[in-house]
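Taking it in order: structure first as structure tokens, then the write-up.
To find a chain, count down the sequence lines: A is the first, B the second, and so on, and within it residues start at 1. Computed from a prediction, not measured in an experiment: that's the story for all the values here.
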Number of protein chains: 8
Amino acid sequence: EFAKLDHHRLLRQGFAEVVFCQGKTVDQVQIIIERLSEYNRSILATRATKEMYDAVKKIVPDAQYHQSAKLITIERQKPTVDKERFVLVMSAGTSDIPVAEEAAITAEIMGNEVKRVYDVGVAGIHRLLDQHQLIEQANVLIVVAGMEGALASVVGGMAAKPVIAVPTSIGYGANFGGLAALLSMLNSCAAGVAVVNIDNGFGAGRLASMINHMR
Amino acid sequence: EFAKLDHHRLLRQGFAEVVFCQGKTVDQVQIIIERLSEYNRSILATRATKEMYDAVKKIVPDAQYHQSAKLITIERQKPTVDKERFVLVMSAGTSDIPVAEEAAITAEIMGNEVKRVYDVGVAGIHRLLDQHQLIEQANVLIVVAGMEGALASVVGGMAAKPVIAVPTSIGYGANFGGLAALLSMLNSCAAGVAVVNIDNGFGAGRLASMINHMR
Amino acid sequence: EFAKLDHHRLLRQGFAEVVFCQGKTVDQVQIIIERLSEYNRSILATRATKEMYDAVKKIVPDAQYHQSAKLITIERQKPTVDKERFVLVMSAGTSDIPVAEEAAITAEIMGNEVKRVYDVGVAGIHRLLDQHQLIEQANVLIVVAGMEGALASVVGGMAAKPVIAVPTSIGYGANFGGLAALLSMLNSCAAGVAVVNIDNGFGAGRLASMINHMR
Amino acid sequence: EFAKLDHHRLLRQGFAEVVFCQGKTVDQVQIIIERLSEYNRSILATRATKEMYDAVKKIVPDAQYHQSAKLITIERQKPTVDKERFVLVMSAGTSDIPVAEEAAITAEIMGNEVKRVYDVGVAGIHRLLDQHQLIEQANVLIVVAGMEGALASVVGGMAAKPVIAVPTSIGYGANFGGLAALLSMLNSCAAGVAVVNIDNGFGAGRLASMINHMR
Amino acid sequence: EFAKLDHHRLLRQGFAEVVFCQGKTVDQVQIIIERLSEYNRSILATRATKEMYDAVKKIVPDAQYHQSAKLITIERQKPTVDKERFVLVMSAGTSDIPVAEEAAITAEIMGNEVKRVYDVGVAGIHRLLDQHQLIEQANVLIVVAGMEGALASVVGGMAAKPVIAVPTSIGYGANFGGLAALLSMLNSCAAGVAVVNIDNGFGAGRLASMINHMR
Amino acid sequence: EFAKLDHHRLLRQGFAEVVFCQGKTVDQVQIIIERLSEYNRSILATRATKEMYDAVKKIVPDAQYHQSAKLITIERQKPTVDKERFVLVMSAGTSDIPVAEEAAITAEIMGNEVKRVYDVGVAGIHRLLDQHQLIEQANVLIVVAGMEGALASVVGGMAAKPVIAVPTSIGYGANFGGLAALLSMLNSCAAGVAVVNIDNGFGAGRLASMINHMR
Amino acid sequence: EFAKLDHHRLLRQGFAEVVFCQGKTVDQVQIIIERLSEYNRSILATRATKEMYDAVKKIVPDAQYHQSAKLITIERQKPTVDKERFVLVMSAGTSDIPVAEEAAITAEIMGNEVKRVYDVGVAGIHRLLDQHQLIEQANVLIVVAGMEGALASVVGGMAAKPVIAVPTSIGYGANFGGLAALLSMLNSCAAGVAVVNIDNGFGAGRLASMINHMR
Amino acid sequence: EFAKLDHHRLLRQGFAEVVFCQGKTVDQVQIIIERLSEYNRSILATRATKEMYDAVKKIVPDAQYHQSAKLITIERQKPTVDKERFVLVMSAGTSDIPVAEEAAITAEIMGNEVKRVYDVGVAGIHRLLDQHQLIEQANVLIVVAGMEGALASVVGGMAAKPVIAVPTSIGYGANFGGLAALLSMLNSCAAGVAVVNIDNGFGAGRLASMINHMR
Ligand SMILES: Nc1ncnc2c1ncn2[C@@H]1O[C@H](COP(=O)(O)O)[C@@H](O)[C@H]1O
Ligand SMILES: Nc1ncnc2c1ncn2[C@@H]1O[C@H](COP(=O)(O)O)[C@@H](O)[C@H]1O
Ligand SMILES: Nc1ncnc2c1ncn2[C@@H]1O[C@H](COP(=O)(O)O)[C@@H](O)[C@H]1O
Ligand SMILES: Nc1ncnc2c1ncn2[C@@H]1O[C@H](COP(=O)(O)O)[C@@H](O)[C@H]1O
Ligand SMILES: [Mg+2]
Ligand SMILES: [Mg+2]
Ligand SMILES: [Mg+2]
Ligand SMILES: [Mg+2]
Ligand SMILES: [Mg+2]
Ligand SMILES: [Mg+2]
Ligand SMILES: [Mg+2]
Ligand SMILES: [Mg+2]
């Protein structure tokens, strides 16, 4: 028995166990998703290859694949969504979009209205200031940025709501695989910002959904 | 003019600019707090020495000092607090309490009911499981832990609400000033956990307050 | 003469020199195993590719290959095993299984009863608590975990017997190739835990066997 | 309530909770030891200053202080000790002795016969080879070394019993506070070696005691 | 002869050798400055303690001390300054001022008009936008920032002139002595930004002066 | 809308937004360059693969590809160039040439006279001293070096004009992907040196152009 | 002109410039070796691929390739060798042989008698002690070791002659690409040991040759 | 018995065991030197405080203290010295002199002629070139440098004899306690350079002496 699924998770935390596909064989992913799909209506698998998806689709035909975000989703019943309270997912550059999409789709399958504003890095600050209304209206913000990750601090200073910062591994040289953006975000001089792991769009989407559902 | 105070912050983000005293002279801290206290009812200064407090108290007699947390607070009008929705501040060890208190007092001055559960590290997991009701009832959780920081993952798996993890610099050797707990928390296998800087109790308290006030 | 085999090792330490195949050519592995197999009944080679195995099998037909663990074993005489005293090998996730299997098979070929409990990471702590009887009965425990490696601390707090912690390189981002789990385990707040190198299932299995044979 | 003592630990793991004094106030240490001493016969506190000891002694007059190891011990009833099975504590240099003593005294208070061999670093290998009989007779070995920590590998290759390696922070420059010895020990080419945190003599002594009591 | 002064430097590079006082004895600093003052009209010594200054003043009575910047200066003839072309020195916080002053005074003694804008960190971006005219008019910009150092990127995107970024060691935790700001600035998504060592106000002032004197 | 182009950049900073191709799809690069080419006469794209270039060329036939530097350029109108004021691009080794060319071509497309001196590393210092006239005549210098990056310090001591140092990732072992050269350059004992990211030839060329255009 | 060959090096330092092939194109390597071979009798090129060798061989038919060491050599006249004074090249494991061979062949082409002793790592110390006569007779020693690199310290303590330690990148996990062995060797408790870069067999062979030729 | 002195070392390696005082108590240093002085004519103790020296002097009145180098020496019989073959000790800056003196005095007590050239860092290369005759005449060279450590590469390219590079911890910011100079020296593009630990003047002097005595 290679996997002890946490079937209790939906009850305990509001969403079924999410499958982390990296490091698993195609067979393992296929079997885990099959078993999860017997008990749950909405299923999410992260860091899935196209090959894994093809194997899953044979058994669970309504599974969908999100190429750029590398997500497999199964959504048998649309969750009710409060359109007023939206999660704003922002990215600093075009290259950060895969991680931003991982966050956005995660939040959507967990029942959230999501708005996207991509490529608004701080090197042309007017592009960001143009978005100030969305930033003020958003209920939760996810800021996805690589390189120096400065976007998190600037947005953190503009928004009155929680900001979840996601450093990405986009960059080179002294970026050290996302370390530069990670340290930058952890040291943000703006309050109200918390950080998840480098490239962890899923974690940001999951937490944003939790916060967005608070009443 | 050594300080451009952000007098707009109360309006924009719901609480006045918080003073980061480290690296400032006693004079600078005194003057900044004096100026802030003209415009704001609640004031918070972090990483303040006793000497700084003494200088402030001469000018702002109702300032208070929290020894262990190294906070100066001024609170001219108690904020209204929703007693039902509480922030739960947990610490893994006794040595983490100063950081936990920084978080707790920050949340309190920002108008939150706070409950504290200290010294429930995972080496004796029954101590933690004993607290499961509080963990399930809490509206937001702050987990403060040094050494290996495992508490964040265990609590993150038990709670349905957002967990803000604060690594501390408590430890020695391969702890590298809190790096061990920081990396541990960033890599948490539990979802719904976000991380702030090492020893940043203030940041955790501020974010918890934002989340706890969401309606 | 590219290899000075330590033929004395079986006498001195109870098991023949184990071959570390990484960085060796296929020819070198073949020759070394051939020479070792002239003097020893049980042989173990780690981090072996399928190609290496195929070359070995031509010369030593009773060699076996363990795909996931990347081990070549030769076992000409089953060692006597004390079924009462078992080594418990635990893994936090499914992705950690290859390292866990390296540990388990190593312990088995060295004459130990081994029980396996996989995918009991701390994010769903009930899965772990369900295993408490095994944890209490085990004579030695090997805990294999990637990401934040918190499992070692929790198990370390539950068990009265030695825990050998094996960090794995499973994870991404601020995991830094297993560094997060390594530091976490080294800083464990539970006593009775010692750590081997990242992904070093073999080393854990070897040490567990030594301890398990103490009388 | 700043400390939730784990009174169950003696039952569960054979020895009372050990107090980690670093980061605690003198008052906290005093109160914790007082409370522990009501329920336990043997008590150990690590990283204690002389000032802490003086405060403890006022309340628990039979407490003892071990200057170099920075340990406070209370030992109301000598544990039975099997003189045949001894723990061998070795140090590479004179400067590593404080950590070695932390390990040795920990093992002693937990009921083990301990032998000490200090200052046998590998730069004069004959000093080490002179000890080969002790190395072969020991039931468990603790190797304490700073600088490059090579002693662990050499002893690991000579002994047939488990070796617990303790890197120390002794050294300078590219030693980086013990990192050199730590990495060295984790990468030991000898099998049967496991590692604890830098300067963690206590952890090594605790684990050695567990192993030494196996029957 | 402990110091081989580079008396040729004034000719070759336009300003006498600058004395780096850290790691030198008071005597050495005194003698070096005395010898330099025989050949040069303007002298600068960095990282000087008050004690060093007192020793220097005895021998060179017109030496001046800049407390916060820890600079000793001797200025026997005011250099001609082009008032139109100014160097703009900006700091993110009040705590960064000592480094900013090191840069500003260095630029001044080398014959530059300097304007200062302090405490305009990105957490309240309006404070920075208020300065946009100065930013556009400046001939060279020096941006001094600790914590996450995001100010460099934002200013880099607003200015058409060279930006010299100076990371400071202000911060704590995952700041790692200025590493966070350093990596952030090196990875700036704004072009036209170059970086000097952490806390190296002198280097920034020197380079700014070189650039500002280009015709 | 995956890209918010900063069409204002030419006006604000004198050159159109430069495209960072790494991490973008071929389609994205093609569309971005197409849109930029509608508004701008000179376009630069960095870290472009040959495949990206082929896609761009189909739509923008006058695009050119610089193989070694991995640059795509479009240059519809030669900028006026002041032949007297040249940027000197130096490399320490032959292996550093791709980065040096990225810097040189960037400076050229931005309207600068560029001279190249390659393979003058400090191990044969006469090769460098032979170039002293060029070094003294240059208006701005770019020093590109991998391994230990010592060239920047030596050139920095010879030149009276600004030196922009570019560490490269050329090297192996304790080079750690360019870290050795980066730290070396940041700690240069020569003043007047500033540093850009590892392998960031573009950033150096852009800044050199800004400085070279100062009047 | 992509390469400024240092034709003066043979005169100045006793051997022609050695070609570092990594990061160069096949064409560049071919042209450089062609040009060097016009002026020099012995030529060495390191980190050369088979493809580079094939291109060189077309033009310089007497060039030779050393597969494991990745060296190209041209040796038109055997240097005179003092057979009494030999360089002893030792490796800890079989996997370290490629680096050891780089060192050995470098020393040979520079006119040294070389003896090789491979696979004598410290885990079986008798294998090393068996070689004590060679160790005492050698005039210079090169110790090549990966993993924890302990061999350098042990040999350093046995030999009365200079020991050049070469860390290799052999290992995994907390080896961090050779960092463990590097730090270990730099912190060696044996005196008379100096260290070259990770995997730098060439540098060790070159220095050993210099020392071995001292009279 | 806290110290097992290696009385065999004089015979085996030509000089008595050298005492590393750091981390030892004053009493331990006193006793060790007393015991060594019974068997040896020349004694060296490194990193000794004045307090340690005072304790030693009471018992061994002919002991001498070298303040800046922090060495205690006893020299009862001047060794014969070959004046022709000298060790050249060079330092980049004045602040590096304490480490340079540790190297120089070590070489002297071991019977070597030593010449010193201090403060010839590469920022004013003419100062270094002025010394080219000494550099060519020296039999062994020790290069001591902090900050970016570039001096080792330049000297390494000028000298035909072995260069021992000693990085120092002089510097600040991204120097990281000497890491910058260490990495720089390990990656030197000059051949014939080997490196010892940061601030390890002793190790360099010891190795230089070994090499200088080769016949
Ligand atoms: N020197 C030490 N190093 C590591 N862990 C320790 C040390 N001393 C005590 N401990 C552990 O620290 C835990 C107590 O932490 P605390 O609750 O903060 O006092 C106990 O479970 C001990 O096992
Ligand atoms: N992309 C991701 N990053 C981090 N954690 C994840 C990711 N995807 C899934 N998880 C978590 O990983 C756990 C599953 O791990 P495993 O048992 O190895 O499949 C689940 O508890 C998820 O919350
Ligand atoms: N494997 C090697 N490792 C380090 N340096 C080398 C190596 N091979 C050659 N070199 C040095 O690299 C320099 C040539 O660099 P380049 O001009 O880039 O070819 C020569 O001065 C050699 O001393
Ligand atoms: N604060 C500083 N940071 C970096 N370099 C400096 C500083 N102050 C002076 N310098 C440089 O240090 C060199 C002098 O070093 P030294 O010979 O050790 O006094 C001069 O060439 C200066 O350019
Ligand atoms: Mg963009
Ligand atoms: Mg506790
Ligand atoms: Mg699982
Ligand atoms: Mg000793
Ligand atoms: Mg401020
Ligand atoms: Mg070259
Ligand atoms: Mg071997
Ligand atoms: Mg100087």
Side-chain angles (χ1 to χ4, degrees), chain B residues 91-96 119-132 135 143 145-160 163 165 167-195 198, chain C residues 91-96 119-129 131-132 135-136 143 145-160 163 165 167-195 198:
Chain B
S91 91
T94 297
S95 310
D96 303 312
D119 194 31
V120 286
V122 301
I125 197 86
H126 60 286
R127 295 182 301 185
L128 183 62
L129 300 177
D130 287 355
Q131 309 292 335
H132 77 99
I135 292 172
V143 176
M147 305 189 89
E148 91 282 54
L151 186 61
S153 292
V154 179
V155 173
M158 293 168 74
V163 172
T168 75
S169 52
I170 291 299
Y172 59 88
N175 183 283
F176 298 122
L179 182 67
L182 172 65
L183 294 186
S184 181
M185 288 166 168
L186 284 168
N187 285 281
S188 177
C189 57
V193 178
V195 186
I198 297 165
Chain C
S91 91
T94 296
S95 311
D96 302 313
D119 195 29
V120 287
V122 301
I125 196 88
H126 59 286
R127 293 182 302 186
L128 182 62
L129 300 177
Q131 310 292 334
H132 77 99
I135 292 172
E136 281 154 27
V143 175
M147 305 190 89
E148 91 283 53
L151 186 61
S153 292
V154 180
V155 172
M158 294 168 73
V163 172
T168 75
S169 52
I170 292 298
Y172 59 88
N175 182 284
F176 297 123
L179 182 67
L182 171 65
L183 294 185
S184 180
M185 288 167 169
L186 283 168
N187 285 281
S188 177
C189 57
V193 178
V195 186
I198 297 165

| What distance do S188(B) atom OG and M147(C) atom CE have between them, rounded to the nearest 0.5 Å? | 8.0 Å
| With a 4.5 angstrom heavy-atom cut-off, which part of L129(B) approaches chain C: side chain, backbone, both or neither? | side chain
| message | Using only atom types and a distance under 3.5 Å, with no angle test, would you say the side chain of E148(C) pairs donor to acceptor with the backbone of L186(B)? | response | no
| Do the side chains of S184(C) and L183(B) get nearer than 4.5 Å, heavy atoms only? | no
| query | Which one, A150(C), G157(C), A174(C), leads in non-hydrogen pairs under 4.5 Å with chain B? | reply | A174(C)
| task | Please determine, among L179(C), L182(C), V155(C), V154(C), the option with the most heavy-atom pairs under 4.5 Å with chain B. | result | V154(C)
| remark: Highest number of heavy-atom pairs under 4.5 Å with chain C among I125(B), L128(B), L151(B) belongs to I125(B)
